[in-house]
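These notes concern the structure reproduced below.
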2 protein chains.
Amino acid sequence: MGRETETPDGVVGDSPIARLCVKHGLKMTGQRRVIARVLSEAEDHPDVEELYRRASALDSRISVATVYRTVRLLEEKGILERRDFGGGRARYEASENGHHYHLIDVDSGNVIEFENDELVGLLARIAAELGFDLMSHRAELFGRRINGDKKASAPSNVTQTGHRGK
Amino acid sequence: MGRETETPDGVVGDSPIARLCVKHGLKMTGQRRVIARVLSEAEDHPDVEELYRRASALDSRISVATVYRTVRLLEEKGILERRDFGGGRARYEASENGHHYHLIDVDSGNVIEFENDELVGLLARIAAELGFDLMSHRAELFGRRINGDKKASAPSNVTQTGHRGK
DNA sequence: TTAAGTGCAAATTGTTTGCATACAA
DNA sequence: TTGTATGCAAACAATTTGCACTTAA
């Protein structure tokens, strides 16, 4: 069985996250490549059990323990970010997806993801003023749709990043 | 053995949170009063183990199970808020403490609370740009103490609301 | 070759629960 | 009195780890 991707000229192609692993000097085992690929292709925020399920589908010789170990390793390297949406289990997403925030529509439950550089800057400044380097952060807004406002006009500084599945 | 507080005229005085419990129609047992008092007096974000330790010091006939049950009950009633600052355990604080943000020291686990009007304004503006009225929000920063920076100089716009120990 | 990675199962950790007893209303 | 709360210990669920065996570099 080959690697996960063959480019036209026959060169083995690693997933974006696998490449990041290499860049960080990690030893690339078969299972790490598979897990990296699963992570690269994920458009949601899978927990370990789900990652294990997807990875197993690609290569059955992977154990949950390895998924746990890999996910922890990648988090330490800053390649992955752990999210806690409640429910007891940790969920992961690639850091390279960029930092984004969640605005939850309190009436419909819909979640809108957005990016905002000004917010990042402000948070970093606040941390600095308190004597800290900002390592990571999170922010969730809960709002109610403004009367009759179907879709807000493209906002100046807010980049609404398409939202990801599930 | 009496209740936890006696007012000058001999009337039993409950802690603020104990009063909230009564207001919510909860049956007030001895252990609930103690736990409510511990929560009222807490100026930090204790986890269950810590709550258990403090409650036990006041009344040794309390079990961890009861602390877990009480904390869950009060959260359902909206009297308590559960926080996740990483580290695996849930931490709690009284809802009545008002709105503030948290900066978590990733190395020590210490939590610094702060308020920031600029942040509130920005978040409200972002919500508005997306077509929403901001109902509520939360933000958590994870940072690492800047080298050699013991205590940052009093920041312009950041109001550090008493930091609470460990 | 050889230090690092993996599978497996057992061990930990945080939290919940079943059941007999104790207690607030 | 009577239904709810509690203590205790066993049950659980998510995650970690010890150890012998593979494997990437």
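In what follows, every chain begins at residue 1, and chains take the letters A, B, ... in the order their sequences are listed. Just so it is clear, the values below take in all heavy atoms, side chains as well, and ignore hydrogens, waters and symmetry mates.
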Scan the side chains in residues 65-72 of chain A for donor-acceptor partners under 3.5 Å anywhere in the protein, sequence neighbours excluded, and list what turns up.
from: A/Thr66; atom 1: OG1; to: A/Ser63; atom 2: OG; distance (Å): 3.3
from: A/Thr70; atom 1: OG1; to: A/Thr66; atom 2: O; distance (Å): 2.8

So, OP1 or OP2 of [N]: does either fall under 4.0 Å of a side-chain N or O from [X]?
| X | N | answer |
| --- | --- | --- |
| A/Tyr68 | D/dT15 | yes |
| A/Arg91 | D/dA14 | no |
| B/Arg89 | C/dT15 | no |

Nearest-0.5 Å distance, CD1 of residue B/Ile62 to OH of residue B/Tyr52: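 Output value for this atom pair is 9.0 Å.
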
Nearest-0.5 Å distance that lies between atom NE2 in B/His45 and atom CZ in B/Arg83: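 The CZ atom of B/Arg83 is 6.5 Å from NE2 of B/His45, to the nearest 0.5 Å.
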
[X] has an atom [atom1]; how far is it from atom [atom2] of [N], in whole Å?
| X | N | atom1 | atom2 | answer |
| --- | --- | --- | --- | --- |
| A/Arg72 | C/dG5 | CZ | C1' | 13 Å |
| A/Tyr52 | D/dA14 | OH | P | 15 Å |
| B/Asp59 | C/dA22 | CG | C1' | 14 Å |
| B/Leu73 | C/dT16 | CG | C1' | 15 Å |
| B/Leu51 | C/dT15 | CG | P | 11 Å |

Heavy-atom side-chain proximity of B/Arg125 to A/Glu118 below 4.5 angstrom: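 The answer is yes, as the side chains (C-beta and beyond) meet within the 4.5 Å cut-off.
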
Note, B/Leu119 side chain near A/Leu123 side chain (heavy atom, < 4.5 Å):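 Counting from C-beta outward, B/Leu119 and A/Leu123 do come under 4.5 Å.
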
Closest to side chain of [X], choosing from [options]:
| X | options | answer |
| --- | --- | --- |
| B/Arg32 | C/dC8, C/dT15, D/dA5 | D/dA5 |
| B/Ser63 | D/dG7, C/dT15, C/dT16 | D/dG7 |
| A/Ile62 | C/dG7, C/dT15, D/dT15 | C/dG7 |

Residue whose nearest DNA chain C nucleotide is more 5′ - A/Thr66 or B/Asp47: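 That would be A/Thr66.
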
Of A/Glu49 and A/Ala65, the one whose closest DNA chain D nucleotide lies more 5':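 The answer here is A/Glu49.
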
Sugar-phosphate, base or nothing in reach of A/Arg69, heavy atoms under 4.0 Å: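 Base contact.
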
Touch class at under 4.0 angstrom, heavy-atom based, for A/Gln31 against every strand present: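 The residue A/Gln31 makes sugar-phosphate contact but no base contact.
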
Angle between terminal axes - the helix from C/dT1-D/dA25 to C/dA25-D/dT1, 5 pairs each end, rounded to 10°: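 Between the axes fitted at each end of the helix from C/dT1-D/dA25 to C/dA25-D/dT1 lies an angle of 40°.
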
Side-chain donor/acceptor of B/Arg32 to backbone N/O of B/Lys27, under 3.5 Å: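 Yes, B/Arg32 side chain to B/Lys27 backbone: donor-acceptor pair under 3.5 Å.
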
Parallel, tilted or perpendicular: rings of A/His137 and A/His99 (30°, 60°):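 Taking A/His137 first and then A/His99, their aromatic rings lie parallel (interplane angle under 30°).
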
Minimum heavy-atom distance between B/Arg91 and B/Gly109, given as atom pair plus value: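 Residues B/Arg91 and B/Gly109, closest heavy atoms: NH1-O, 3.6 Å.
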
Verdict with reasoning, A/Phe132 to B/Leu141, per side chain to side chain contact (heavy atoms under 4.5 Å, CB included): CA-CA 10 Å; A/Phe132 287 79; B/Leu141 317 193; over 6 Å; no

More than 12 heavy atoms of other groups within 6.0 Å of B/Arg53 CZ: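 Check passes, neighbour count above 12.
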
Collect all protein-nucleotide pairs involving nucleotides 23-25 of chain C in which both atoms are nitrogen or oxygen and the distance is under 3.5 Å.
from: C/dA25; atom 1: OP1; to: B/Met28; atom 2: N; distance (Å): 3.3

